[in-house]
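Encoded as structure tokens, the structure appears first; notes follow it.
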Protein chains: 2
Amino acid sequence: MKNPPSLDHLIAALKVLPGVGPKSAQRMAFHLLQREQAGAEKLARALDRALSSLVHCERCNTFSETPLCNLCADSERNQSQLCVVEMPADLLMLEQARCFDGLYFVLMGRISPLEGLGPREANLDKLLLRAQDGVVEEVILATNFTAEGEVTAHMIGELLKQRGLKVSRIARGMPVGGELEHVDPGTLAQALYERRQA
Amino acid sequence: MKNPPSLDHLIAALKVLPGVGPKSAQRMAFHLLQREQAGAEKLARALDRALSSLVHCERCNTFSETPLCNLCADSERNQSQLCVVEMPADLLMLEQARCFDGLYFVLMGRISPLEGLGPREANLDKLLLRAQDGVVEEVILATNFTAEGEVTAHMIGELLKQRGLKVSRIARGMPVGGELEHVDPGTLAQALYERRQA
Ligand SMILES: [Zn+2]
Ligand SMILES: [Zn+2]
């Protein structure tokens with residue numbers, strides 16, 4: 001006696017989600033099939049749509065439905081400043097703080113030897129190419145002030161300075177260990193204004 | 001500046017999962033799009049397949065790909081004993097314990113006023129019909145020994161005794177507060193053998 005195959009497949013498939021083990025995958029499957037069939041259907045469609053329509057922006061590497069994202073395509077932004085963040089949510093927070101009119105590069109990760117994340121996972125090759133387009137004059141490092149974010153900022157800073165670029169780090173105006181997503185826009189703006197040369 | 005719509009839709013759709021708030025939905029979306037595209041595709045297909053192929057067994061109410069599940073269709077099982085459990089996982093545990101050759105009814109829920117779960121969510125109407133088929137002689141209550149499981153067992157016991165059925169409860173051989181899924185098969189078998197009339 002076993003579960004029907006389609007139920008077992010769903011439970012197995014849910015385990016691909018971060019932090020979801022066998023028990024919670026089972027609970028999720030029952031919940032979806034029992035009380036959220038419409039939600040399950042929506043989730044399947046949203047996965048399909050996201051997989052088929054999202055690419056990484058050619059220039060800034062963030063998720064985008066077009067080869068060049070809206071922000072990179074905006075010629076009114078200051079093309080000489082490039083702000084490096086870990087994730088798209090960090091970019092959104094900086095935009096909300098309305099303190100920066102340059103362009104971004106989204107690492108889509110960080111350097112974290114403990115998690116097995118190296119320069120490749122943090123897309124450093126793509127960043128080096130982007131930063132050396134001849135137009136960018138200053139690269140502002142806005143990775144998190146966590147241990148991994150600091151290591152990432154340090155490594156990127158060294159690589160870019162070797163290549164003759166001006167590099168700055170947003171000011172440590174944020175609480176130690178803090179993540180960009182969680183601070184208020186005012187603190188974040190302050191930290192950006194007070195950036196110091198790296 | 002906002003996320004691309006297909007990304008926002010995916011984040012919103014993931015919030016349908018139990019215990020998943022805005023932050024973890026976002027983390028899950030990034031993880032799927034970044035590192036688990038094949039897993040995301042599999043998840044979408046598994047959801048579609050489960051939604052289209054799973055129904056509730058006409059007799060026992062568990063998930064099944066056929067109108068009558070394999071177990072209910074098995075004429076070698078003892079048709080006069082009906083064991084009531086909360087969830088399909090509980091049924092699987094009892095089968096693994098190899099201590100029972102009767103049939104099951106799976107509530108697919110429990111009575112829990114605090115969670116807003118009443119007799120309807122626990123499919124009691126369907127159970128009453130099933131138990132009064134004229135063949136069932138004894139109903140064995142094997143809901144969990146949690147507060148909700150006990151309330152559920154008590155309510156079902158009263159309803160069935162009013163209708164002249166013999167009702168028993170599996171023995172409290174399990175730790176108080178314990179859930180069927182988590183005990184070892186031996187303890188579970190012991191509890192079933194020592195069931196007492198309710
Ligand atoms: Zn872009
Ligand atoms: Zn059945």
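Labels below follow one simple rule: chain letters A, B, ... track the order of the sequence lines, proteins then strands, and each chain is numbered from 1. Below, each value reflects all heavy atoms present in this structure, side chains not excepted, and no hydrogens, waters or symmetry copies.
Interface remark: B/L10 contributes backbone and side-chain atoms alike to the contact with chain A (heavy atom separation under 4.5 Å). Proximity to chain B is limited to the side chain of A/H31, based on heavy atoms less than 4.5 angstrom apart. Of the two parts of B/Q37, the backbone and the side chain both hold a non-hydrogen atom closer than 4.5 Å to a non-hydrogen atom of chain A. Both the backbone and the side chain of B/E41 have a heavy atom closer than 4.5 Å to some heavy atom of chain A. In this structure, the portion of A/L32 lying under 4.5 Å from any heavy atom of chain B is its side chain and not its backbone.
Among all heavy-atom pairs drawn from A/A142 and A/L94, the shortest one is CB-CD1, 4.3 Å.
Ranked by non-hydrogen atom pairs under 4.5 Å with chain B, the options A/A13, A/P18, A/G39, A/A12 are led by A/P18. Most heavy-atom pairs under 4.5 Å with chain A, from the set B/G19, B/P88, B/G109: that is B/P88. Among A/S6, A/S24, A/A44, A/P4, the residue with the largest count of heavy-atom pairs under 4.5 Å with chain B is A/S6.
In this structure B/S64 satisfies the side-chain hydrogen bond (donor to acceptor under 3.5 Å, both in side chains) test together with B/T66, sequence neighbours excluded.
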Would B/L91 and B/Y104 count as a side chain to side chain contact (heavy atoms under 4.5 Å, CB included) if you check the C-alpha gap in whole Å, the side-chain angles of each, and the deciding distance to 0.1 Å?
CA-CA 7 Å; B/L91 184 162; B/Y104 293 92; 3.8 Å; yes

Do B/L127 and B/L82 pass the side chain to side chain contact (heavy atoms under 4.5 Å, CB included) test, and can you show the C-alpha distance, the side-chain angles, and the key distance before you say yes or no?
CA-CA 10 Å; B/L127 168 59; B/L82 187 69; 4.1 Å; yes

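No side-chain heavy atom of A/M108 sits less than 4.5 Å from a side-chain heavy atom of B/F30. A/L107 places none of its side-chain heavy atoms less than 4.5 Å from the side chain of A/N123.
Residue pairs meeting the salt bridge (charged side-chain N to carboxylate O under 4.0 Å, His left out) criterion with at least one partner in residues 71-88 of chain A, sequence neighbours excluded, are A/R77-A/E95, A/E86-A/R110. Screening residues 9-33 of chain A for salt bridge (charged side-chain N to carboxylate O under 4.0 Å, His left out) gives A/K23-B/E181 as the qualifying pairs, with residues at least two apart or on separate chains.
Residues of residues 45-55 of chain A lying under 4.5 angstrom from chain B, judged on non-hydrogen atoms, are A/R45, A/A46, A/L47, A/D48, A/R49, A/A50, A/L51, A/S53, A/L54 in numerical order.
At most 12 heavy atoms of other shown residues, nucleotides or ligands fall within 6.0 angstrom of atom NE2 in A/H154. Counted within 6.0 Å of NZ on B/K42, heavy atoms from surrounding residues, nucleotides or ligands total 12 or fewer; the atom is thus considered open.
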